[in-house]
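Quick notes on the structure that follows.
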Amino acid sequence: MTAFWTLIARELRLAFRAGGEALVLVLFFIMVGAIVPFAIGPDRPQLMRLAPGIVWIAAFLAMLLGLDRMFRADEDDGALMLMRHAVLPLEAIVAAKLIAHWLVTAVPVLLALPILALLLSMEGPQLAMTALGMLVGTPALVGLGGIGAAVTVGLRRGGLVAPILILPLAIPVIIFGVGMADPMSGRGATLFLIALSLVVAVLSPFAAALALRASGE
Amino acid sequence: MNVSAKAHPPLMSARDLSVRRGERLLFQAIGFSLNPGDVLLLRGPNGAGKSTLLLTLAGIVRAESGSVTRADAVGLHLLTYQHGLKARLTVRENLAFWQALYGGPGLGLEAALERVGIASLAGLETGYLSSGQTRRLSLARLLVSHRPLWLLDEPSATLDAAGEALLGALIDEHRLEGGAAVIATHHDLPLANPSGQSTLTLGGKP
């Protein structure tokens, strides 16, 4: 179990030492969200209605931006190959990397959410539900992203292919994530998002590990 | 199939192994077995499949036919030009990471760095090391977690004369502790004890 935590700690240390990668993601997230009012005009009621959707799109795009760093560096320097003989099975190693990736990409975006909420004139309950939805839904996005990154790790331009690959899979997450912030939707969207997130979180380490094994051959 | 062979199964054995890369059959019908203390040297021209054979033995490349068997709970170390070390982590952090991931028992961090002669660089970011020093750090990785089987791909590349002597000494110690090694190399390694040492030459065929 110490190997598992050591791996997470190493991923975090690398992310923060690599020079503010988390900050780039956060700035990108805010930028995408902030540009929308300029594009559709400063109509406050309309902005408020669209705000959860805008936030989710911005978060999704920011997440895609960081996708390639999940396995690429370890593949290039051979660490992934050496990890095949670690005391942990490859599935556990992938799970640790997914957790670390969630901490590095999703948590900063969540923390930056109030800034975007201000720009999009979101109000208390709506902001709370959107934040809750992102807390529940981002593990699913990271899990799907992990599968995409693992499948494309052997491709030189995999950084561009992975987002296209996972886009259709991520659509349900966005639908129910945005649905949660809609006061008319009831509890159905929340439960569905939780179910989706749990299923993806459990299955994605196995799927991604399988893809990594196949890419080595 | 005698009794003593059953009581002491080899650390690793390969039977009738052939590997294809793309359209090309790299080698076929390779077989050997490694007992504690053995060293198998892989020789052959560039592209003969030495590195691929090591990866096949490590279970990373799939063999087209044949099998590789490892005795239960026999772990292995792989050392290739891909060192798996992060430039932005310090020497000590890199080594501690691999020690945690590969598990004990083994030398302590400081002792291992001392042994490979880079103890004074422990706090330095790994990106500043020369390629020879990086290779020494890779060797330290083999020391901090004891694994009976070493698969080494050109281990003496980028090492200076003292480094080669150190490598030979490390392999000799490893064999005395009951380990075995498969080594792909173009150089003659300075091994003290030539017994138990065999050579497998790959390639040469179109």
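Computed from heavy atoms alone, side chains included, the values below leave out hydrogens, waters and symmetry copies. Just so you know, these numbers come straight off a predicted model, no measurement behind them.
Residues A/Thr6 and B/Gln99 are not in side-chain contact: their nearest non-hydrogen atoms beyond the backbone lie 4.5 Å or more apart.
For A/Ala73, the parts sitting under 4.5 Å from any heavy atom of chain B are the backbone and the side chain alike. There is no contact between B/Ala87 and chain A, counting heavy-atom distances below 4.5 Å. If you measure heavy-atom distances from B/Thr56 to chain A, you find no contacts under 4.5 Å at all.
Counting all heavy atoms, side chain and backbone alike, B/Ala100 lies closest to A/Ala3 at O-CB, 3.4 Å. When all heavy atoms of A/Arg84 and B/Ile60 are compared, the closest pair comes out as NH2-CA, 3.6 Å.
Side chain of B/Tyr102 to main chain of A/Met83: no donor-acceptor pair is present (N/O by atom type, distance under 3.5 Å, no hydrogens or angles). B/Gln82 places a side-chain N or O within donor-acceptor distance of the main-chain N or O of A/Asp76, the cut-off being under 3.5 Å.
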Under the salt bridge (charged side-chain N to carboxylate O under 4.0 Å, His left out) criterion, do A/Arg17 and B/Glu93 qualify, and how do the steps go? CA-CA 13 Å; A/Arg17 215 169 277 182; B/Glu93 284 169 341; 2.8 Å; yes
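No other option in B/Asn94, B/Leu79, B/Leu78 has as many heavy-atom pairs under 4.5 Å with chain A as B/Leu78.
To the nearest 0.5 Å, atom CG of residue A/Asp77 and atom NZ of residue B/Lys86 are 3.5 Å apart. Once rounded to the nearest 0.5 Å, the distance linking NE2 of B/His83 with CG of A/Leu82 reads 10.0 Å.
Enclosure of atom CZ in B/Phe32 by more than 12 non-hydrogen atoms of other residues, nucleotides or ligands within 6.0 angstrom is indicated. In this structure, A/Leu198 places its CG atom where more than 12 heavy-atom neighbours from other residues, nucleotides or ligands lie under 6.0 Å away. In the displayed structure, A/Phe206 atom CZ is contacted under 6.0 Å by at most 12 heavy atoms of other residues, nucleotides or ligands.
The only member of B/Leu149, B/Leu151, B/Leu101, B/Leu76 that meets side-chain contact (heavy atoms from CB on, under 4.5 Å) when paired with A/His85 is B/Leu76.
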